[in-house]
Amino acid sequence: MADAPAVLSIRNLSVALPEGGDRDYAVQGIALDVKPGETVCLVGESGSGKTVVAHSVIGMLPKALPVVDGKLRFEGRELPPQRSKAYDSLRGLKISLIFQDAVASLDPVQRTGRQLEEILAVHGVARRARFKRALEMLEAVGLPDPARIYRSYPHQLSGGQAQRVVIAGALLLSPKLLIADEPTTALDVTTQAEILGLLARLKKERGASVLFITHDFGIVAEIADRIAVMKDGEIVEFGAANTVLDAPEHPYTRRLLAAARKSAAVRESRSSQPVLEVDDLHLTYRTGGLLSRKSVHAVKGVSLRLEAGRTLAVVGESGSGKSSMARCILRLEAADSGAIRFRGEDITSLTGTRLRALRKKIQFVQQDPYSSINPRQRILSAIAEGPIIHDAPRREAEAKAADLLETTGLSAVAGRRYPHEFSGGQLQRICIARALALEPELLIADEAVSALDVSIQAQILDLFRSLQSKFGFAMVFITHDLRVARSISDDILVMKDGEVVESGLAARVFDAPAHPYTKALLSAAPDIASRRTAEAA
Amino acid sequence: MTAYILAKLFRAAATLLIAVSMVFVFIRFSGDPAAALAPPDAPQEVIDQYAEAMGLNKPLWQQYASYLAGLARGEFGYSIHTGRPALELFLERLPSTLRLGSAALLIALAAGIPLGSFAAINRGTRIDRFAMAFSVFAFAMPNFLFGLCVILGGALIFQVYFGGTDASVLPAALTLGLAAMGSFARFARSSLLETINAPFMRAAEARGVPYMRRLAFHAAPNAAIPLVTLIGLSLGALIAGSVVTEQVFGWPGVGQLLVRSVATRDIATVQFIVLAVACTMVLVNLLVDLLYLVIDPRIRSR
Amino acid sequence: MLKLVRIALGAIFLAAASFAHADERPAIKVAVDNLWPTMDPVIGISTTGARVHSNLFDTLVRRNRWEDPEGTTLVPWLAESWERKSPNVWVIHLRDGVPFHDGHVMDADDVAFSMSEERLWGEKPLAPRGTRYARGIVRVEATGPLTVEIETSTPDPNFIFRLVTPLGFVLPKHYYEEVGTEAFGQMPMGTGPYKLVSFDPSVSVEAVANDDYWGGSVPAKSLTFQIVPEYSTRFAGLVAGEFDVIVSVPADQAEQVRNTSGVKLMEKSIENYPMFAFNTLSTELLPDNPLVDANLRKAMVTAIDRDGIVEALWGDKTFVPAPFNFPEYGQYFDPDRKARFTYDPERSKELLAETGYDGRPLVWHITRGFYPNYEIAAEFMVEQWREVGINVEIKIVDNFSLAYKRPFHMLNMSMSSEFSGDPYRPLWMDWGPLSSRTRASHKTWAPTDRFLELGMKFESAQEFDARNSAYLELVEEWENVTPGMYLWRNVVSYAAREDLDWDPGNSAVTIFDDLYLGSS
Amino acid sequence: MESSRPRIGPPAIPWSIRLSVCFICLFVLFALFGEFLSPYGFRETSMFDRLLPPGSPGYVLGTDARGRDVLVRLAVGAQITLIVAIAGTLIGAVIGSLLGIVAAARRGAVEHVIVAAIDVQASLPIIVVALFVLAMFDNSFTLFLLLVGLTGWEVYARLMRGATLSVKERGYVTAVRALGASPARIYLRHILPNIFNVALVQFTINLPLTVLLETALSFLGLGVQPPLTSLGQIMSEGRDRLLTAWWLTLFPGAVIFFLALSVSLCGDWIRDRLDPTLRSET
């Protein structure tokens with residue numbers, strides 16, 4: 001296998017960035033090959049140039065990103081220049097590309113079946129054969145009721161189903177090379193596991209090679225034959241999977257791997273004084289007008305207990321009700337029934353000034369740092385706003401804000417700038433600073449690191465931990481990422497469909513999950529450790 | 001889907017009822033409604049008869065109820081000068097207004113959408129800039145000035161009369177449709193641009209779908225969806241514009257009837273035309289909503 | 001060249017048409033600015049109605065404008081002859097065998113009905129606007145199949161002149177009674193050269209030649225009056241050959257029309273004098289009206305340089321009349337008589353000084369676009385008034401009933417001198433005790449006792465000298481009061497295609513029978 | 001490529017926008033001070049200087065049928081047009097925006113009522129309403145301003161409701177709520193500044209529409225009434241003399257046209273540099 005000629009070989013590829021960017025090249029000096037039947041993982045953080053490589057292979061680089069150097073060969077022949085018409089006969093037939101957001105990559109007003117048939121049509125498959133082949137393919141990607149899916153519109157599919165349809169389309173004509181650009185990032189862990197399994201199976205069945213683009217070392221560990229690590233437009237390390245994972249050479253690779261492996265030290269329960277108690281909480285969302293009323297029972301009887309200074313991780317897949325529960329505790333949403341007690345006081349139905357006074361004690365960090373700060377507000381003013389609302393003198397509040405900026409790892413000068421001048425990681429630090437400016441006793445972080453790159457994630461998680469030990473707040477940390485949960489939590493709460501399925505000390509739940517769903521979650525999660533144990537076994 | 005249709009129907013009915021009620025309120029509270037509806041130089045006795053017939057001595061809610069009942073029975077009042085039912089006068093003019101309006105809409109669509117699409121496809125080029133300059137021109141040109149220029153130009157240069165209904169509908173329809181053409185072009189451009197840059201367009205490209213096919217089979221149907229709303233919205237502008245255009249071209253349509261009825265203070269006719277316009281607008285908007293069902297599967301399965 | 005081609009094409013078309021045995025007569029299309037809402041020739045008295053009426057109806061007597069533009073001779077028409085049976089009774093002998101458009105032959109009953117108490121001059125007449133023409137009539141009676149007797153309360157030597165006015169239109173009694181007043185106004189029928197086919201007051205009147213017309217051949221196969229509100233559009237239609245005649249060419253566009261090939265301009269000075277009335281009354285809506293003071297009215301009249309305005313607006317097309325001194329009066333007309341109050345700003349200021357006028361705005365109601373050049377002249381006048389210290393505000397409204405709505409200080413109007421050979425109508429019928437000036441809801445003055453007395457004297461005088469001196473005294477009294485001010489003799493303008501052999505004479509009435517329209 | 005964040009560079013202002021801004025400024029200056037360019041008053045008639053062509057001694061832009069100086073009338077007309085356009089547009093903008101924000105803020109019955117009002121307004125084209133109102137009342141400048149002001153409020157209401165609903169769900173609003181801010185603070189300091197642009201862009205769309213509406217109403221005789229004047233009215237007065245006294249229609253027509261053009265171009269330009277996520281709410 002190692003001696004077979006490469007399906008794809010990239011030599012010395014350089015793509016320029018338009019002027020005024022933070023670097024001159026999108027990618028520089030890329031050398032990469034994919035051999036028949038092989039899965040090559042291109043791993044790197046956002047902005048590292050992975051997608052540029054993928055798009056250059058399929059000839060879809062925009063005019064603004066010209067190829068300035070290098071050669072791309074596919075099955076021994078040189079690929080046409082970017083955006084050439086000649087690509088029409090390669091794309092879909094010889095090389096396929098699938099994107100992260102499957103639902104968005106399907107035309108919303110056409111039935112999925114028609115979109116599959118279109119691929120066959122443009123590549124010259126006879127009209128009569130199309131329906132059968134499309135249906136077969138839908139079955140091959142493991143969709144439950146292919147005929148129904150065939151007739152469905154994209155918006156009627158779940159994310160996982162849509163990704164299966166997209167994969168069906170990509171592999172319909174058995175291309176030699178499949179480029180998958182973060183195909184599972186938008187999916188839940190369990191669905192992700194299924195899709196990865198599916199890709200592996202089809203790859204084998206159809207004899208395709210895969211160029212898999214991801215930021216997640218867990219996935220890499222599970223599927224890669226070879227790994228190319230990208231940083232700032234260059235490949236810093238390229239080698240066999242085991243070599244890279246076990247003996248990374250480049251410091252950057254090491255750092256990434258370390259970030260992916262972190263887990264929290266176990267802390268014993270120190271106080272018996274609960275900061276937060278939730279009893280049998282229910283929440284139903286009602287939407288629609290007079291005639292199209294709809295309701296979703298988002299939270300069903302959740303109870304929990306959190307002690308001062310400790311961190312409770314709430315894990316679960318999307319739609320499990322974890323964020324809704326958080327919004328109830330924050331009193332951003334009014335619960336239908338149940339009780340929320342903060343330091344023994346029932347806060348379930350506080351209103352007006354008493355509610356506003358309570359807000360000082362319970363603070364909030366959200367998922368998307370970009371949208372979490374008013375774009376028209378200077379950073380310092382955003383951080384100082386909380387204390388000012390709670391009647392602190394402006395000068396004092398701003399001095400405190402400047403302090404917090406430094407505490408969270410930014411310079412005090414940054415306070416004069418506007419949000420758009422910061423990166424995601426920096427903005428999340430600012431959000432944390434803003435939350436802490438009120439010296440809360442409880443901090444609720446809702447997917448607070450999900451939008452960030454792995455190395456940044458690690459930094460922010462470290463920040464949370466150090467701030468927690470400094471200020472002593474209790475924390476509810478909501479995440480879908482088990483690795484993140486493991487790295488930060490003392491206690492854990494697993495949610496599914498609005499209900500708590502399992503809770504307890506983090507170490508206990510991770511090591512000996514009791515509930516089948518927890519077990520399924522843990523086994524679905526791609527993990528570097530699990531690969532090694534699997535191989536060792 | 002049923003809920004969607006029901007909701008839209010309910011909303012249309014409510015809108016119509018409010019519009020009708022507003023007309024009622026307006027007439028009742030603008031001085032003496034009987035004097036307004038009676039002939040302008042009618043003696044007091046006649047006005048009193050009108051007041052009696054309209055039930056002005058009854059409590060307001062009874063008047064309102066009988067007004068609604070009258071509308072439901074199709075009693076829309078009589079033109080004071082000709083003594084003919086307002087409905088009849090309206091219906092007589094309707095065909096020529098429809099002819100003008102539909103031709104204008106057609107011109108606006110047939111010229112505006114290709115223009116906008118062409119601009120979108122050639123975004124940033126000279127073609128784009130020219131198309132957009134033209135669309136702004138079409139929008140900024142005062143309707144009647146353009147119409148008068150067209151008419152005088154036709155007569156003095158080509159010896160052809162562009163007014164009235166006997167001649168070709170084209171000049172009048174062009175005048176009426178010009179502004180709508182401009183907005184269609186701009187809207188088509190932005191709508192198509194948004195679609196062209198949508199992820200599914202890149203995905204289709206990655207599947208090997210050729211450029212023209214992507215445009216025709218994927219971009220166009222998706223870009224058309226928001227355009228449907230614009231057609232509904234532009235109807236109001238077309239109705240308003242037709243008042244002026246009919247006046248300029250001596251076009252014997254509803255717009256001219258309205259202007260003349262206002263000049264002669266023929267309130268019954270004016271009132272009916274206002275109701276008819278509101279009704280048309282509501283119906284068209286309802287149709288637009290229902291059309292969404294046909295063209296947008298996302299709404300169908302709601 | 002183009003013209004040649006058009007003529008050639010026209011010839012081919014005509015040839016083709018005659019080959020198909022089609023009607024070779026032209027179809028005449030007239031573009032008008034407006035139409036009256038009803039075609040009843042009395043209810044629809046107006047410039048816009050009169051244009052149409054005479055094509056559908058005939059009057060008992062006509063004025064001859066086809067040979068003399070001023071129309072100074074009377075021509076028997078539906079009335080073959082007439083005689084004065086006694087000072088107060090006139091007998092009219094009707095023409096025999098005149099069919100209405102439905103074939104029904106006109107007889108004395110139709111005439112008696114047309115001038116009846118029921119229709120025109122009773123308590124609640126069907127056509128109330130005819131009252132002023134029918135003043136003094138006490139009896140209208142069919143005394144034979146073709147004879148009608150009319151009795152007036154006082155002797156009226158000029159009674160026959162009234163039969164050229166809308167009073168003289170003959171309507172079919174049977175049809176009128178069958179359909180009623182309103183429907184008749186929408187679908188009228190007469191004996192005229194054209195039969196109505198359709199009428200829509202906001203679109204057009206369409207009529208076709210009445211081939212059974214008693215008065216001879218009808219020169220056009222059809223006649224259409226179509227509303228085209230915009231002048232530019234009418235003009236374009238004329239140039240392009242869509243219309244044969246257009247009305248209301250703005251005075252300052254005359255040059256442009258004249259310079260356009262294929263088109264001719266006709267400017268006609270007509271027997272109508274635009275003016276305005278002072279509201280001399282204090283009413284509930286207008287308490288302490290300053291115009292009650294005659295000195296203020298005279299101050300206003302003397303402040304205006306009418307000759308200058310007319311010169312600026314009309315050039316030499318028209319003139320400023322001295323009150324009631326109109327050329328149409330024949331021997332009563334005195335070219336040397338001047339108005340008592342003419343342009344004299346000094347005098348105006350003196351007169352103004354004698355009033356208690358406090359500078360408050362005087363509101364002048366003007367109907368939009370009704371009399372050519374009126375609004376422009378009004379603005380000039382407002383400026384001239386301002387110079388002497390009188391503040392006038394113009395309020396332009398859409399129609400006359402709005403103009404009549406009180407309160408107002410001044411009202412636009414016009415006085416027709418309407419041909420009767422003497423000043424009877426304009427002076428006495430239009431300003432006397434039965435006129436709308438004094439009786440209608442929009443009345444503007446109450447005749448003085450002296451005016452009434454002189455009026456009676458005038459009315460009863462039978463001989464010229466007595467009548468003339470009474471007339472002069474009456475005018476003097478009118479000027480003493482100055483209840484209004486005359487502006488100029490009205491000028492109407494038509495444009496027509498150059499080869500159309502048609503001339504309406506000095507009249508706002510357009511007739512397209514074979515006397516006016518050549519059959520070329 | 002992977003980053004969805006737009007790069008912020010120094011904005012390059014195209015020449016068309018520079019020209020447009022210049023024209024708008026010139027127009028405003030002309031409206032404010034143009035009167036002083038002419039020795040005549042705008043109502044000052046001159047019986048013997050009627051319909052003089054541009055360039056006649058004493059009359060740079062000629063005279064109209066009443067012998068009034070076209071230059072000074074254009075200036076006063078521009079003034080009134082500007083007042084009508086700005087006041088008219090502002091009335092609609094303020095009322096509409098407030099209602100839209102209230103609808104989004106209060107939801108429930110209040111929202112239903114406002115949305116119904118929007119629907120009703122949207123089903124009645126303004127010229128038809130204007131004709132109807134005129135048939136019932138005498139027209140006056142106040143009524144006229146009110147009518148013009150009412151045009152388009154429903155568009156503001158619809159847009160602002162959408163924008164408010166969208167901004168309300170933004171993370172920063174939630175964050176500020178969680179900080180304990182009062183609703184007044186949230187709306188005034190965090191929501192309003194972020195939806196203001198939407199209203200601003202609509203303003204640039206509405207302003208030319210209002211100017212054109214004024215023109216159309218003047219044509220129908222429903223606009224500004226003499227002795228006051230406006231660009232539309234000057235144009236309307238000159239329309240019978242299109243061939244002979246072209247300057248009466250050409251000058252005001254050109255001013256209206258370029259004003260509408262400039263404002264539209266600026267509006268497009270502003271919209272293009274706006275937060276794109278707010279646009280989808282239209």
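Numbered from 1 within each chain, the chains take letters A, B, ... in sequence-line order.
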Check step by step if side-chain contact (heavy atoms from CB on, under 4.5 Å) holds for Asn194(D) and Asn374(A).
CA-CA 8 Å; Asn194(D) 283 293; Asn374(A) 185 347; 2.8 Å; yes
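- Considering every non-hydrogen atom in both Arg356(A) and Pro183(D), the closest pair reads NH2-CD, 4.1 Å.
- The contact between Leu438(A) and chain D is made entirely by side chain atoms (from C-beta outward), counting heavy-atom distances below 4.5 Å.
- Put simply, the side chain of Arg170(D) never gets that close to the backbone of Ser372(A): no donor and acceptor are under 3.5 Å apart.
- Surrounding NZ of Lys361(A) are at most 12 heavy atoms belonging to other residues, nucleotides or ligands under 6.0 Å away.
- Within the structure, side-chain hydrogen bond (donor to acceptor under 3.5 Å, both in side chains) pairs that include any residue of residues 80-97 of chain D comprise Thr89(D)-Thr210(D) (at least two apart or interchain).
- Closest heavy-atom contact between Gln366(A) and Ala175(D): NE2-CB, 3.5 Å.
- In this structure, Leu179(D) and Gln363(A) have side chains that are in contact, with non-hydrogen atoms separated by less than 4.5 Å.
- The local environment of CZ in Arg83(A) is crowded, with over 12 non-hydrogen atoms from other residues, nucleotides or ligands closer than 6.0 Å.
- With a threshold of 4.5 angstrom between heavy atoms, Arg185(D) approaches chain A through side-chain atoms but not through N, CA, C or O.
- Using a 4.5 Å heavy-atom cutoff, the side chains of Gln377(A) and His190(D) are in contact.
- Heavy atoms from other residues, nucleotides or ligands lying under 6.0 Å from OH of Tyr25(A) number 12 at most.
- Using a 4.5 Å heavy-atom threshold, the side chains of Pro375(A) and Tyr172(D) count as touching.
- Identified by a heavy-atom distance below 4.5 Å to chain D, contributing residues of residues 439-449 of chain A are lacking entirely.
- Taking chain D as the reference chain and counting heavy-atom pairs below 4.5 Å, the highest number among Pro369(A), Gly386(A), Ser371(A) is found for Ser371(A).
- More than 12 heavy atoms of other residues, nucleotides or ligands shown are found within 6.0 angstrom of OH on Tyr285(A).
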As a quick check of understanding, evaluate side-chain contact (heavy atoms from CB on, under 4.5 Å) for Thr174(D) and Arg327(A), giving each step before the final call.
CA-CA 10 Å; Thr174(D) 317; Arg327(A) 290 178 68 86; 3.8 Å; yes
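- Nearest heavy-atom pair across His390(A) and Gly180(D) is NE2-CA, 4.1 Å.
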